[in-house]
Amino acid sequence: MQFDNSAVGRTIRNLRNKKGVSQDVLSGFAGIARTHLTMIENGDKQANFETLWKIANALDMRPSELVALIEAEIEQNS
């Protein structure tokens with residue numbers, strides 16, 4: 001399985017939209033800049049593990065759950 005920034009971004013955007021929160025709100029909860037979140041969601045920036053951890057916590061999920069959803073997204077689009 002190959003890493004895919006776009007799959008990471010799609011997964012995070014879908015989860016954020018399901019929760020009904022804006023990028024401003026999610027980035028605030030995660031403690032990252034909104035522009036950083038935008039670049040991650042657009043697949044323009046690779047999130048490091050600490051950032052994924054913060055985003056997962058902001059989405060009220062375990063980092064392992066977020067990674068599993070990202071893996072599923074990559075597999076689905078391979």
Side-chain angles (χ1 to χ4, degrees):
M1 177 183 310
Q2 188 121 8
F3 187 81
D4 181 359
N5 283 334
S6 296
V8 173
R10 282 191 305 273
T11 302
I12 292 169
R13 183 182 300 114
N14 288 340
L15 290 166
R16 179 178 58 75
N17 287 333
K18 283 181 186 175
K19 291 227 175 243
V21 297
S22 67
Q23 287 182 335
D24 281 329
V25 170
L26 182 62
S27 63
F29 286 156
I32 62 174
R34 186 198 52 79
T35 54
H36 189 181
L37 179 60
T38 299
M39 289 187 290
I40 292 169
E41 285 191 0
N42 290 337
D44 297 331
K45 185 161 183 73
Q46 182 174 329
N48 64 29
F49 192 72
E50 180 182 6
T51 301
L52 288 177
W53 190 286
K54 290 177 178 181
I55 291 170
N57 284 330
L59 290 166
D60 295 322
M61 61 191 327
R62 297 173 59 94
S64 58
E65 293 173 297
L66 177 56
V67 171
L69 291 171
I70 292 168
E71 288 177 341
E73 177 70 19
I74 291 170
E75 288 175 352
Q76 180 180 344
N77 291 295
S78 294

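Rounding to the nearest 0.5 angstrom, the gap separating the NZ atom in Lys45 from the CD1 atom in Ile40 is 7.5 Å. Summarising the geometry, atom CZ belonging to Arg16 is positioned 13.0 Å from atom CZ belonging to Phe29; distances are rounded to the nearest 0.5 Å. From Asn14, atom CG reaches atom CD of Glu73 across 6.5 Å, with rounding to the nearest 0.5 Å.
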message = Checking Val8 against Leu52 for the side chain to side chain contact (heavy atoms under 4.5 Å, CB included) test, could you report, in this order, the C-alpha distance in whole Å, the side-chain angles of both residues, the deciding distance, and whether it holds?
response = CA-CA 9 Å; Val8 173; Leu52 288 177; 4.1 Å; yes
task = Begin with the C-alpha distance, continue with both residues' side-chain angles, and end with the deciding distance and a verdict on side chain to side chain contact (heavy atoms under 4.5 Å, CB included) for Asn42 and Asn5.
result = CA-CA 8 Å; Asn42 290 337; Asn5 283 334; over 6 Å; no
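Phe49 is not connected to Ile74 by any chain of hydrophobic side-chain contacts under 4.5 Å among Ile, Leu, Val, Met, Phe, Trp and Tyr, and they are in different clusters. The hydrophobic clustering, which links ILVMFWY residues whose side-chain heavy atoms are closer than 4.5 Å, places Leu15 and Val21 together. Under a hydrophobic-cluster definition in which Ile, Leu, Val, Met, Phe, Trp and Tyr are linked whenever side-chain heavy atoms come within less than 4.5 Å, directly or via other members, Met39 and Leu37 are assigned to different clusters.
Here the side chains of Thr51 and His36 are in contact, with some heavy-atom distance below 4.5 Å.
Under 3.5 Å, the side chains of Ser6 and Arg10 contain no donor-acceptor pair of N or O atoms.
The side-chain contact (heavy atoms from CB on, under 4.5 Å) search around Glu50 returns Asn48, Lys54, not counting sequence neighbours. Asn17 is linked by a side-chain contact (heavy atoms from CB on, under 4.5 Å) to Arg13, counting only residues two or more places apart in sequence or in another chain.
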Which donor-acceptor pairs under 3.5 Å do side chains of residues 57-72 form with protein atoms, sequence neighbours excluded?
from	atom 1	to	atom 2	distance (Å)
Asn57	ND2	Trp53	O	3.4
Glu65	OE1	Arg62	N	2.6

